[in-house]
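Notes follow once the structure below has been shown.
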Amino acid sequence: MVFFRFIRTTSTLLNTSSFTRNKPFKSVIMCKELKTRVLRIPPHSAEDLTSQQRECVLEALRSTSAALRSGQVVALPTDTIYGLACVAQNSSAVRRVYDIKGRNGDKPLAICVGEIQDIYRFCKVSVKEDLLSDLLPGPVTLVLERSDTLNADLNPFTKLIGVRIPDHPFMRRLCQMCGEPLALTSANVSAHTSTVAASEFEDLWPSLAVVVDGGPIGDQNRLGSTVVDLSVSGRYRIIRPGW
């Protein structure tokens, strides 16, 4: 079975009446110049991949990391729900994420990194590393004080930042290949239901450079990560319960 397909979609293939509330999003106009690649990879739970499947994953990693480094927005699976991602240090890409989602500008985006040590580059960590290692990788977002290294245009209204290391091999390897934190948010129109399959946010595809389809996610409970505030030394607060 072939787990990888390369599909090009353009605005001429779309029926705008299928968009949410029967109205096309502003960002869909970009589809006239932007072709969306849909890359299918084996599901997260797949074991003992064949050489063909491994090559498919590597090709998807190369294509997705190239799109991110060029300032594009992509969609991909995490260990909880599907997400939209861009390079957090790229201010124009961050703005595009807000435009694509129709997201209120005063709602923050989290960042995603590949390794525990990466957290120290972009956050002021006030807890022991053992605690970070106990919680990550996993379905948890840790809220910490941001460092000056992080893009000042990302969540400029707060000194805090949520950081994730998803327990998903594709996501972790992608962050490692990019060498930069990824701004990460759910792959859906703002205030709409979270998505656990790539087909559930097809209305956003024309605004994205790459869609990585890793199949249905988990038990499809549609809960995002648990958000825990660790920004105050010696204290913690659960902001949002999740997985």
Side-chain angles (χ1 to χ4, degrees), residues 25-39 59-78 81-124 141-166 168 170-190 198 201 204-212 224-225:
F25 300 115
K26 292 187 298 181
S27 54
V28 171
I29 298 174
M30 295 182 177
C31 191
K32 295 179 179 179
E33 299 179 354
L34 177 64
K35 293 183 178 180
T36 303
R37 289 169 290 172
V38 180
L39 310 178
E59 175 59 28
L61 283 166
R62 287 191 288 263
S63 296
T64 307
S65 61
L68 287 165
R69 288 194 297 269
S70 69
Q72 302 293 345
V73 179
V74 305
L76 27 70
T78 73
I81 56 179
Y82 272 82
L84 300 181
C86 72
V87 172
Q89 304 297 77
N90 186 319
S91 298
S92 62
V94 169
R95 287 192 293 271
R96 285 203 61 221
V97 170
Y98 278 91
D99 289 342
I100 290 169
K101 282 181 65 73
R103 188 178 178 89
N104 191 316
D106 61 5
K107 292 185 177 180
L109 302 180
I111 61 171
C112 174
V113 297
E115 302 291 344
I116 293 291
Q117 290 304 315
D118 295 331
I119 297 176
Y120 291 85
R121 291 177 55 199
F122 305 102
C123 303
K124 298 178 181 179
T141 299
L142 303 182
V143 176
L144 300 165
E145 188 174 351
R146 60 192 293 152
S147 74
D148 294 337
T149 305
L150 191 62
N151 180 10
D153 291 332
L154 178 69
N155 309 340
F157 43 82
T158 177
K159 65 178 182 179
L160 304 179
I161 187 69
V163 59
R164 286 209 67 198
I165 303 179
H168 194 290
F170 185 91
M171 280 292 299
R172 292 194 66 185
R173 183 59 182 144
L174 181 63
C175 289
Q176 293 163 359
M177 290 178 67
C178 289
E180 298 283 0
L182 302 182
L184 184 66
T185 185
S186 56
N188 57 284
V189 177
S190 186
F201 57 92
L204 300 184
W205 286 14
S207 302
L208 307 172
V210 173
V211 174
V212 179
S225 59

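Once rounded to the nearest 0.5 Å, the distance linking CD of Glu180 with CZ of Arg69 reads 10.5 Å. Expressed to the nearest 0.5 Å, how far OG of Ser147 lies from CD1 of Ile161 amounts to 10.0 Å. One distance of note links CD1 of Ile111 with CD of Gln89; it measures 8.0 Å at 0.5 Å rounding. Remark: Ile100 CD1 to Phe201 CZ distance equals 11.0 Å, nearest 0.5 Å. In this structure, the separation between OG1 on Thr64 and CZ on Phe170 is 4.0 Å, given to the nearest 0.5 Å. To the nearest 0.5 Å, atom OG of residue Ser65 and atom CD of residue Gln176 are 12.0 Å apart.
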- Message: For Val94 and Asp153: C-alpha separation, side-chain torsions, deciding distance, then whether side chain to side chain contact (heavy atoms under 4.5 Å, CB included) applies.
- Response: CA-CA 8 Å; Val94 169; Asp153 291 332; over 6 Å; no
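Here the side chains of Tyr98 and Leu109 are in contact, with some heavy-atom distance below 4.5 Å. Under the 4.5 Å side-chain criterion, counting only non-hydrogen atoms from C-beta, Ile119 is in contact with Leu144. Counting only heavy atoms from C-beta outward, the side chains of Leu39 and Ser63 approach each other to under 4.5 Å. Asn155 is listed as a side-chain neighbour of Arg146, based on a closest heavy-atom distance under 4.5 Å.
Considering every non-hydrogen atom in both Leu204 and Leu208, the closest pair reads O-CG, 3.4 Å. Across all their heavy atoms, Ala110 and Thr141 have their closest contact at CB-CG2, 4.4 Å. Closest approach of Ala198 to Trp205, counting heavy atoms only: O-NE1, 3.3 Å. The two residues Asn151 and Ser91 have their closest heavy-atom pair at ND2-OG, 3.2 Å. A pairwise comparison of heavy atoms in Thr78 and Pro166 identifies CB-CB, 4.4 Å as the closest pair. Considering all non-hydrogen atoms of both residues, Cys178 and Leu68 come closest at SG-CD1, 3.7 Å.
Residues satisfying the side-chain contact (heavy atoms from CB on, under 4.5 Å) test with Asp106, not counting sequence neighbours, are Asn104. Checked against side-chain contact (heavy atoms from CB on, under 4.5 Å), Ala93 has the following partners two or more places apart in sequence or in another chain: Cys86, Asn90. Applying the side-chain hydrogen bond (donor to acceptor under 3.5 Å, both in side chains) rule to Asn188 yields the partners Ser186; only residues at least two apart in sequence or on another chain are considered.
Of the possible polar contacts, none joining the Arg173 side chain to the His168 backbone as a donor-acceptor pair under 3.5 Å is found. Under a 3.5 Å cut-off, the side chain of Arg96 and the backbone N or O of Ser207 do form a donor-acceptor pair.
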